[in-house]
Amino acid sequence: QVQLVESGGGLVQAGDSLRLSCAASGRTFTAYAMAWFRQAPGKDSEFVAGVTGGDFRAVYADSVTGRSTISRDSAKDTIVLEMNSLKPEETAVYHCAARSDAYVANRLAEYDYWGRGIQVTVSS
């Protein structure tokens, strides 16, 4: 049974940093693209960052480029997203996702698996 489990969310102040982790299990994900999405109340899901399968290249949304780092531990099938200079408008539920294709897609519907999500609240 495939599972993606997110951890590391919570309440932070604007300008703070945050580290989110996603542990995948149930199969080997080395060849899978993995990514983070977020969904704020009343809004569509938004791509944040991803890592390609195989060569593990990072891909970022314009909104987080330059202040975020995504990394991947293939031995543990884990990805980590570190975000700096957080803004109140980044308050959302953050989901980890994986797709059976090496390329990162920016729509959650193109992913085969995703986790339950974790709340991140950025206070002003």
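One is the number of the first residue; the rest follow in order along the sequence. Note that this is a predicted model, so its numbers are computed, not measured.
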Tell me yes or no: between the side chains of T78 and D73, is some donor less than 3.5 Å from an acceptor? no
Heavy-atom side-chain proximity of T91 to Q119 below 4.5 angstrom: yes
In terms of hydrophobic clustering (I, L, V, M, F, W, Y; side-chain heavy atoms under 4.5 Å; direct or indirect links), are V51 and V104 co-clustered? no
Do V80 and I70 have side chains that get closer than 4.5 Å, going by heavy atoms? no
Would you check if V59 and F47 make a side-chain contact, meaning some heavy-atom pair closer than 4.5 Å? yes
Closest heavy-atom pair and its distance - L108, S45: CD2-OG, 3.8 Å
Are H95 and I118 packed together at the side-chain level, in the sense that at least one heavy-atom pair is separated by less than 4.5 angstrom? no
Is there a salt bridge (charged side-chain N to carboxylate O under 4.0 Å, His left out) between E6 and R19 once you walk through the steps? CA-CA 11 Å; E6 301 95 342; R19 186 175 188 269; over 6 Å; no
Using a cut-off of 6.0 Å, state whether more than 12 heavy atoms not belonging to D44 lie near its atom CG. no
Can K87 and R67 be said to form a side-chain contact (heavy atoms from CB on, under 4.5 Å), step by step? CA-CA 11 Å; K87 308 170 186 178; R67 59 185 181 90; 3.9 Å; yes
Flag yes if V48 and Y103 sit in one hydrophobic cluster, no otherwise; membership is Ile, Leu, Val, Met, Phe, Trp, Tyr, and two members link when side-chain heavy atoms are under 4.5 Å apart. no
With a 4.5 Å limit on heavy-atom distance, are the side chains of D16 and M83 in contact? no
Out of the candidates F29, F37, W36, only one should pair with Y111 under the ring pair (Phe, Tyr, Trp, His ring centres under 6.0 Å) rule; please name it. F37
State, to 0.1 Å, how close L4 and A24 come at their nearest heavy-atom pair, and which atoms those are. CD2-CB, 3.2 Å
Identify the two heavy atoms, one from S17 and one from S85, that lie closest to each other, and give their separation to 0.1 Å. OG-N, 4.5 Å
Is the closest side-chain donor-acceptor distance between R27 and Y32 under 3.5 Å? yes
Measure the CG-CD distance between D77 and Q3 for me, rounded to the nearest 0.5 Å. 13.0 Å
Indicate the atoms forming the closest heavy-atom contact of C96 with I79, along with that distance. SG-CD1, 3.9 Å
Within the distance-only criterion (no hydrogens, no angle test), does the side chain of S123 pair as donor or acceptor with the backbone N or O of V12 below 3.5 angstrom? yes
Might you point out which heavy atoms bring T52 and R72 nearest each other, and give the distance in Å? O-NH1, 3.3 Å
Same cluster (ILVMFWY, side-chain, under 4.5 Å), L20 and W114: no
Going through the checks in order, is the side-chain contact (heavy atoms from CB on, under 4.5 Å) test met by S63 and E46? CA-CA 10 Å; S63 60; E46 175 190 17; 3.6 Å; yes
Measure the spacing between CE of M34 and SG of C22 and express it to the nearest 0.5 Å. 4.5 Å
Could you pull out the closest heavy-atom pair between Y60 and S68, with the gap in Å? CE2-O, 3.5 Å
